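Worksheet: the structure to be examined is printed underneath.
Keep in mind that this is a model prediction, so the values were computed, not measured.
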Amino acid sequence: MQYLVSINQTKALEWGLNAQQAMLFAFLHQVPTWADSREIDGVVWFNIGKGKVIEELPLLTDKPDTVYRLMKQLRTAGLICMTSCDNKTYIHLTEKAKGWNRVQGSEKNPTSKASAKGSEKNPTHGNKSEKGRKNIREGSEKSPTNQDTKIITPSLTDACAQEPSVFERAAQQADDGEPAADDLTQPRKTAMTLEWEPEPETYATACWQRGLAPDANVHDALLDFREHFAAQPARTATHADWTRRFVRWVAENAKRQQTALTNTGGNAHANRRSSTPKRRLTAQEARAAHEGRAPEPPGQTLDGEYTRANGW
């Protein structure tokens with residue numbers, strides 16, 4: 001953590017910086033004195049990641065997205081240039097930013113050419129102050145956080161004026177690879193809520209693709225869908241993806257209901273008996289079956305008289 005941050009209030013007010021922007025720029029102004037450098041397209045850039053800023057300036061923020069948003073605001077103000085290479089963020093200061101420490105004084109503490117050379121309270125002796133500045137520059141590489149020293153503006157390259165490149169687009173991603181929170185060109189992924197409603201256009205298109213009627217009553221299915229996924233806050237999706245998933249939910253429910261109807265209603269009707277039960281045996285037939293003999297035939301009609309079989 002960097003213990004001291006020197007903010008030039010005069011320049012901050014002149015450039016329209018707020019407290020957060022001024023604090024971040026005061027830190028970035030020292031980056032070229034200790035950060036790793038790299039030459040890209042003939043320009044010297046200095047590596048500074050969002051995680052490093054959070055580590056050195058915990059009072060500023062603890063969110064990488066906030067750091068990136070503030071850095072883009074400083075770029076818009078014409079104070080820094082940003083690029084990315086090998087998934088690393090690089091910056092360099094513009095010509096305008098070099099004037100951060102070029103202040104002659106204020107109304108309460110005016111300075112003049114005479115006082116610049118020395119005074120009774122602050123006499124100068126030769127070039128000792130210039131030697132001190134050199135010593136600070138030379139020692140800054142060994143102490144990158146510069147905890148107890150104020151760094152004089154280093155020599156920087158000229159301001160950049162180049163079109164956004166593939167590195168610039170890569171810089172628009174957060175440390176976790178997801179689009180930055182302020183990148184409105186990418187749809188935002190959110191968790192399901194109990195107040196969620198599907199997108200009308202996406203819902204209608206997805207329904208037609210699955211053969212469903214967009215105007216069908218799906219109120220109960222929507223309540224079940226919300227409650228099911230709201231209980232899983234770790235699952236996130238864009239609004240359009242949630243809408244398509246809801247349509248799939250409705251389609252699968254319809255298929256399950258159709259299958260259940262076929263199994264319970266259609267098969268039961270098909271399995272109904274198509275004939276009456278067999279005739280029950282008479283006592284005589286049951287007795288004959290039990291004794292293992294053929295049942296007696298019914299009575300016979302003969303000419304001239306009626307009699308039963310077997311002389312009965």
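The side-chain heavy atoms of R287 and T282, taken from C-beta on, include no pair separated by under 4.5 Å. Using a 4.5 Å heavy-atom threshold, the side chains of R188 and T238 count as separate. In this structure, the side chains of W15 and K96 come closer than 4.5 Å at one or more pairs of heavy atoms. The shortest distance between side-chain heavy atoms of C85 and I40 falls below 4.5 Å. Side-chain contact between L79 and L93 is absent, with no heavy atoms from C-beta onward closer than 4.5 Å. A heavy-atom distance below 4.5 Å is found between the side chains of M23 and L59. Counting heavy atoms from C-beta outward, L70 and V67 have side chains that stay 4.5 Å or more apart.
The two atoms that bring A206 and R244 nearest to each other are CB-CG, 4.3 Å, heavy atoms only. The minimum heavy-atom distance linking R210 with A251 is given by the pair CD-CB, 4.0 Å. Summarising the geometry of T243 relative to P198, their closest heavy-atom pair is OG1-CA, 3.6 Å, with the distance given to 0.1 Å. The shortest non-hydrogen separation linking M71 to I48 is CE-CG2, 4.5 Å. In terms of heavy-atom proximity, W100 sits nearest to S6 at NE1-O, 3.9 Å. Contact detail for A221 and N253: the closest heavy-atom pair is CB-ND2, 4.5 Å.
T33 OG1 to F46 CZ: the interatomic distance, rounded to the nearest 0.5 Å, is 9.0 Å. From D241, atom CG reaches atom NZ of K189 across 7.5 Å, with rounding to the nearest 0.5 Å. A distance of 9.5 Å separates OG1 in T76 from CD in Q21, rounded to the nearest 0.5 Å. Distance check, rounded to the nearest 0.5 Å: CZ of R69 to NZ of K72 gives 10.0 Å. Rounding to the nearest 0.5 Å gives a distance of 10.0 Å between OG1 of T259 and CD of Q257. In this structure, OH on Y90 lies 4.5 Å from CZ on R38, to the nearest 0.5 angstrom.
The side-chain contact (heavy atoms from CB on, under 4.5 Å) with L24 is formed by just one residue from the set T61, V53, L17; it is V53.
Ion pairing of E197 with R226 is present here, as a side-chain N (NZ or NE/NH1/NH2) and a carboxylate O approach within less than 4.0 Å. Comment: E56 engages K52 in a salt bridge, judged by a side-chain N to carboxylate O separation of less than 4.0 angstrom.
Contacts of S37 classified as side-chain hydrogen bond (donor to acceptor under 3.5 Å, both in side chains), with partners at least two apart in sequence or in another chain: none.
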Please walk me through it: do E252 and R245 pass salt bridge (charged side-chain N to carboxylate O under 4.0 Å, His left out)?
CA-CA 11 Å; E252 291 175 351; R245 181 171 292 182; over 6 Å; no
When you look at V44 and H92, which way does the side-chain contact (heavy atoms from CB on, under 4.5 Å) test go after all the steps?
CA-CA 7 Å; V44 178; H92 75 74; over 6 Å; no
Decide yes or no on side-chain contact (heavy atoms from CB on, under 4.5 Å) for M82 and I80, but give the supporting numbers first.
CA-CA 7 Å; M82 297 173 56; I80 65 172; 4.0 Å; yes
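The neighbour count for E291 CD, taken as heavy atoms of other residues, nucleotides or ligands under 6.0 Å away, is above 12.
M192 belongs to a hydrophobic cluster whose remaining members, ordered by chain and number, are W196, Y203, L212, V218, L222, F225, F229, W242, F246, V247, W249, V250; membership requires side-chain heavy atoms of ILVMFWY residues under 4.5 Å apart, directly or through intermediates.
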